[in-house]
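What follows is a single structure, written as structure tokens, with notes after it.
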There are 2 protein chains.
Amino acid sequence: MAICDDDNGALALNRQLCFALYAASRAMTRAYQPMLQHLGITYPQYLVLLVLWEWDQQREREDADVSVGALGGRLMLDSGTLTPLLKRMEQRGLVVRRRAARDERVTLVEVTDAGRGLKPRAQEWVARQLDASAVSPQEVEQLRSQLWAFLAKLGGCGASDPVPSAD
Amino acid sequence: MAICDDDNGALALNRQLCFALYAASRAMTRAYQPMLQHLGITYPQYLVLLVLWEWDQQREREDADVSVGALGGRLMLDSGTLTPLLKRMEQRGLVVRRRAARDERVTLVEVTDAGRGLKPRAQEWVARQLDASAVSPQEVEQLRSQLWAFLAKLGGCGASDPVPSAD
DNA sequence: TGCAATTAGATTGTGCACAATCTAATTGCA
DNA sequence: TGCAATTAGATTGTGCACAATCTAATTGCA
């Protein structure tokens, strides 16, 4: 094979990014394992709870219920992923699922007290990890904003940085 | 609920990063779908091929065979993921698997001509995408190096940037 | 106002990830 | 030199992701 290294060119460069994303995402999941195992949930279930915790807090009005579609929109996941995941969470008593009264096609998801109860523990763990971590808040912020800029440019189905410029 | 927004604090910040990584990784996979479907492979299979193409080229000596373990080390995947994946690739004629003669515990993986044949098509597609993309090579490079720095700090099991500082 | 088109989830099937465990081959030391 | 410890993959089981399809509810227009 007398082909020089440049043969890889664009492939090699692009590969670095697609592989880096893939590896970093899995490494992040791995880093959360000790906490998740302790709480008895999975990483995607944790992400669902983060959204539910946030929305649970924000709602002032009684009818601000969360549909499977709204959750999927926020997490960019479809019903094929969420339906079974939410059923498992329901079995563990973390959420309740019920059909909306005014449109029976819609399934509403609500976090239970048990689900809310996991929040302080998660919060404490995350805060401790950030303190102990070699990664500075500035690095986290920079990486986060670059990832969202990248996501937006990938034309990702309505992807928009939930923290546009300042928080 | 009279809890103020700061309640989310570290949780919200950290959440942005872990979710951004998760979403960006899946968005990247999604962006590759048109090509992957055309080639009849999956995203992880594509990553395996990238490694095999690279190593296939580099080997000058006849015995530079790739073990499942070496592949797993490079991709940070274990045998539970790779074994079935490689079997599927073997069934499609993209790779050959055989036991090493000098250590029967080791399984060697080799890319076939059919597997090599996909490379030009992948290369062309990636080059075209990069040209058409709204993302500049500088952005790609910056994001890539930051992800690797982050990966290394996560203490990721021997994770090291394959392109340490310059390429 | 009835019926075609749309919409929201649920279901089905394939392919990862990964923890836990198993099996067979190999090492290395008593 | 025999046998306990180690090592490399393979296997098993659970839980995502997601494309494709299905079903039931709802809309909206002829």
Side-chain angles (χ1 to χ4, degrees), chain A residues 19 21-34 36-37 40-49 65-73 75-92 94 97-109 156-157, chain B residues 19 21-34 36-37 40-49 65-73 75-92 94 97-109 156-157:
Chain A
F19 175 59
L21 275 172
Y22 172 78
S25 177
R26 287 185 299 117
M28 183 62 112
T29 305
R30 216 174 294 132
Y32 269 84
Q33 280 316 302
L36 297 174
Q37 193 165 357
I41 56 178
T42 65
Y43 190 69
Q45 288 174 17
Y46 170 66
L47 295 179
V48 165
L49 281 177
D65 287 317
V66 178
S67 67
V68 169
L71 207 49
L75 295 170
M76 301 182 215
L77 291 171
D78 69 12
S79 68
T81 300
L82 283 175
T83 296
L85 185 153
L86 291 169
K87 282 182 177 173
R88 283 186 289 270
M89 291 181 78
E90 186 170 42
Q91 287 207 324
R92 292 193 181 239
L94 301 175
R97 281 160 11 104
R98 64 192 157 81
R99 287 288 175 171
R102 61 181 122 169
D103 186 341
E104 293 273 346
R105 291 172 306 179
V106 174
T107 296
L108 299 175
V109 182
C157 38
Chain B
F19 175 59
L21 274 172
Y22 171 78
S25 177
R26 287 185 300 117
M28 182 63 112
T29 305
R30 216 174 294 132
Y32 269 83
Q33 279 318 302
L36 297 174
Q37 195 166 356
I41 57 177
T42 65
Y43 190 71
Q45 288 173 17
Y46 171 67
L47 294 178
V48 165
L49 281 177
D65 288 317
V66 177
S67 67
V68 169
L71 208 48
L75 296 170
M76 301 181 215
L77 291 171
D78 71 10
S79 67
T81 299
L82 283 176
T83 296
L85 185 155
L86 291 169
K87 283 182 177 174
R88 283 186 289 269
M89 291 181 78
E90 186 170 42
Q91 286 208 323
R92 293 195 179 236
L94 302 174
R97 282 160 11 103
R98 64 191 158 80
R99 288 289 176 170
R102 61 181 122 169
D103 186 342
E104 293 272 346
R105 291 170 306 179
V106 173
T107 296
L108 299 175
V109 182
C157 37

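Below, chains carry the letters A, B, ... as their sequence lines are ordered, and counting in each starts from 1.
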Of B:Ala100 and A:Val68, the one whose nearest nucleotide on DNA chain C sits closer to the 5' end is A:Val68
Picking from C:dA17, D:dA10, D:dC16, the nucleotide nearest the side-chain atoms of B:Ser79 would be D:dA10
Taking a pair to mean Watson-Crick or G-U wobble geometry with both distances below 3.5 Å, D:dT23 pairs with C:dA8
A:Arg26 has its side chain closest, among C:dA17, D:dG9, C:dA10, to C:dA17
Rounded to whole Å, the CG-C1' distance (A:Leu47 to D:dA17) equals 13 Å
Result for 5'-nearest mapping on DNA chain D, choosing between A:Arg92 and B:Thr29, is A:Arg92
Exercise. OP1, OP2 of D:dA17 versus side-chain N and O of A:Thr81: anything below 4.0 Å?
Worked result: no
Counting C-beta onward and ignoring hydrogens, is there a side-chain heavy-atom pair between B:Leu47 and B:Leu77 closer than 4.5 Å?
no
For this session: Determine whether more than 12 heavy atoms belonging to other residues, nucleotides or ligands lie under 6.0 Å from atom CZ of A:Arg97.
Result: yes
* Answer yes or no: does a side-chain N or O of A:Tyr22 lie under 4.0 Å from OP1 or OP2 of C:dA17? => yes
Here the distance between atom C1' of D:dT7 and atom CD of B:Glu104, to the nearest Å, is 15 Å
note: B:Tyr32, atom OH; D:dC18, atom P; distance rounded to Å ~ 16 Å
Out of D:dA10, C:dC18, C:dC16, minimum distance to the side chain of B:Lys87 belongs to D:dA10
To the nearest angstrom, the CZ-C1' distance between A:Arg99 and D:dA24 comes to 8 Å
Identify whether any heavy atom of A:Thr42 sits under 4.0 Å from a base atom; if not, whether one sits that close to sugar-phosphate; answer base, sugar-phosphate or nothing. sugar-phosphate
note: A:Leu36, atom CG; C:dA17, atom P; distance rounded to Å ~ 18 Å
Regarding the side chain of A:Asp78, the nearest nucleotide among D:dT26, C:dG15, D:dC18 is D:dC18
Judged by nearest nucleotide, the residue sitting upstream toward the 5' end of DNA chain C, B:Leu85 or A:Gln37, is B:Leu85
A:Tyr22 side chain near B:Met76 side chain, heavy-atom distance below 4.5 Å: no
Of C:dT11, D:dA8, D:dC18, the nucleotide closest to the side chain of B:Val106 is D:dA8
Interatomic distance, OG1@A:Thr83 vs CZ@A:Arg88, rounded to 0.5 Å, equals 10.5 Å
Checking N1-N3 plus N6-O4 or O6-N4 for Watson-Crick, or N1-O2 and O6-N3 for wobble, each under 3.5 Å, the partner of C:dC16 is D:dG15
- [ ] Determine the contact category for B:Gly69: base if any of its heavy atoms lies under 4.0 Å from a base atom, sugar-phosphate if only primed atoms, P, OP1 or OP2 are that close, otherwise nothing.
- [x] sugar-phosphate
Would you say B:Gln45 places a side-chain N or O within less than 4.0 Å of OP1 or OP2 belonging to C:dG15? no
Per atom distances to the A:Leu77 side chain, the nearest of C:dT26, C:dA17, D:dC18 is D:dC18
Rounded to whole Å, the CZ-P distance (A:Arg30 to C:dA17) equals 11 Å
>> Would you say that A:Arg99 contacts A:Thr107 through its side chain, given a criterion of any heavy-atom pair below 4.5 Å between the two side chains?
In response: yes
### Task
Could you check whether B:Ser67 gets within reach of a base, just the sugar-phosphate, or nothing at all, counting any heavy atom under 4.0 Å?
sugar-phosphate
Closest to the side chain of B:Arg105, out of D:dT26, D:dT6, C:dA10, is D:dT6
Under a 3.5 Å limit on both distances, the Watson-Crick or wobble mate of C:dT1 is D:dA30
Closest to the side chain of A:Arg88, out of D:dG15, D:dA10, D:dA17, is D:dG15
Rounded to whole Å, CZ of A:Arg102 lies from P of D:dT27 at a distance of 11 Å
Rounded to whole Å, the CZ-P distance (B:Phe19 to D:dC16) equals 15 Å
With side chains defined as the heavy atoms from C-beta onward, is the minimum distance between A:Ile41 and A:Val48 less than 4.5 Å?
no
Worksheet item: Does a side-chain heavy-atom distance below 4.5 Å link A:Leu36 with A:Gln45?
Response: no
Of the candidates C:dT6, C:dA10, D:dA17, the side chain of A:Arg97 sits closest to C:dA10
